[in-house]
Number of protein chains: 2
Amino acid sequence: MDEGRRRELEAAGWRAGDAADFLGLTPEEAAFVEVRLALARHLRELRQKNGWTQTAVAERLGSSQSRVAKMEASDASVSLDLMVRSLLTLGATCAEVGQTIAQAA
Amino acid sequence: MDEGRRRELEAAGWRAGDAADFLGLTPEEAAFVEVRLALARHLRELRQKNGWTQTAVAERLGSSQSRVAKMEASDASVSLDLMVRSLLTLGATCAEVGQTIAQAA
DNA sequence: CCATTCTATGCCAGAACTGACATGCCGGTC
DNA sequence: GACCGGCATGTCAGTTCTGGCATAGAATGG
């Protein structure tokens, strides 16, 4: 957000910031959320790059389409565990996963 | 393991290999295990480097000493979630966590 | 507009994880 | 030996996660 716009909003009684600020997350909580988001994005990219449907991915993972959708949405009901395992199963390398996390925040 | 020793063992009816081979894990399962082990090691190093006891760490994480021990042992009852959250809470950065995972295998 | 395909969201029973507690093991101190 | 601090291992009730199902929305082709 550019500085001018922020001041404008603050003058109107708003506080500028990201979701973490808004939700009052601690820095490590915020980092964790960022990690989850990064992995979710990576998961979707990997799927789309290969032209797979969520259903196809679900089959490959031994899961269901709805869970794949939730993974890509970084839904609260999916764990890091599931996301990382899924990435590896879909062919991502540890290096790839690691880099995704490293760049999360 | 050196080649000669391996042949010697195989001649005696043994099969050489790592834990993954032995347990019949798929490559991605093996990678996942490696990731867990790497994080567990990192967790212990981080604790020891700072001269903390498991109890102290547990307090800081809002958990218990036994769970910290299990984390460091990469016990089956602890999730990647918990390990990553713990690392971040103890002050590790995303970059650090990412690198640990990237170098896991 | 309708049908089809793909994706998103709600829900639930069963499985997995978590913190807590109890207990055992080991090395150091007295 | 007795005691103690630090770590490991077992167990368990409560919570969270997971796969599966139903269904609704979005996008595309007829």
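Every chain is numbered from 1, with letters handed out A, B, ... down the list of sequences.
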Give the C-alpha distance, both sets of side-chain angles, the deciding distance and a yes or no for side chain to side chain contact (heavy atoms under 4.5 Å, CB included) between B:Phe32 and A:Thr89.
-> CA-CA 9 Å; B:Phe32 190 65; A:Thr89 301; over 6 Å; no
Would you check if the side chain of B:Asp75 reaches a backbone N or O of B:Ser77 as a donor-acceptor pair within less than 3.5 Å?
-> yes
Tabulated below should be each protein N or O lying under 3.5 Å from an N or O of nucleotides 14-18 of chain C; please produce it.
unit_1: C:dT18; atom_1: OP1; unit_2: B:Ser79; atom_2: OG; d: 2.6
unit_1: C:dT18; atom_1: OP2; unit_2: B:Ser77; atom_2: O; d: 3.2
unit_1: C:dT18; atom_1: OP2; unit_2: B:Ser79; atom_2: N; d: 2.9

Take the protein atom CG of A:Leu61 and the nucleotide atom P of D:dT18, then report the distance between them rounded to whole Å.
-> 12 Å
B:Val35 versus A:Val97: any side-chain heavy-atom pair under 4.5 Å?
-> no
Counting distance only, does the side-chain N/O of A:Asp81 pair as donor-acceptor with the main-chain N or O of B:Ser79 below 3.5 Å?
-> no
Passing option when A:Leu43 is tested against A:Val84, A:Val57, A:Leu87 for side-chain contact (heavy atoms from CB on, under 4.5 Å) = A:Leu87
By side chain to side chain donor-acceptor pair (under 3.5 Å), A:Glu29 pairs with (sequence neighbours left out) A:Thr26
Do any pairs count as a salt bridge (charged side-chain N to carboxylate O under 4.0 Å, His left out) and have a residue in residues 56-71 of chain A, sequence neighbours left out, and if so which ones?
-> none
Whole-Å gap separating C1' (D:dC7) and CG (B:Asp75) | 14 Å
Main-chain N/O of A:Met71 paired with A:Arg44 side-chain donor or acceptor, under 3.5 Å = no
Nucleic acid contacts of residues 39-58 of chain B, taken as heavy-atom distances under 4.0 Å to DNA chain D | B:Arg44, B:Arg47, B:Thr53, B:Gln54
B:Glu96 (side chain) donor-acceptor with B:Thr93 (main chain) under 3.5 angstrom | yes
Can you give one letter per nucleotide of nucleotides 22-30 of chain D, going 5' to 3': B for a protein heavy atom under 4.0 Å from the base, S for sugar-phosphate only, - for none?
-> ---------
Rounded to whole Å, the CE-C1' distance (A:Met71 to D:dG19) equals 10 Å
Length of the CD-P vector between B:Glu59 and C:dG19, whole Å | 14 Å
Under the 3.5 Å rule, do the base of C:dG19 and the side chain of B:Ser64 count as making a donor-acceptor pair?
-> no
Rounded distance (Å) that lies between atom P of D:dG19 and atom CZ of A:Arg60 | 16 Å
Salt bridge (charged side-chain N to carboxylate O under 4.0 Å, His left out) contacts touching residues 47-58 of chain B (sequence neighbours left out) = B:Arg47-B:Glu72
Expressed in angstrom and rounded to an integer, what is the separation of B:Lys70 atom NZ from C:dG24 atom P?
-> 15 Å
After noting the C-alpha distance and the side-chain angles of A:Ser74 and A:Val78, does the key distance pass the side chain to side chain contact (heavy atoms under 4.5 Å, CB included) rule?
-> CA-CA 7 Å; A:Ser74 190; A:Val78 320; over 6 Å; no
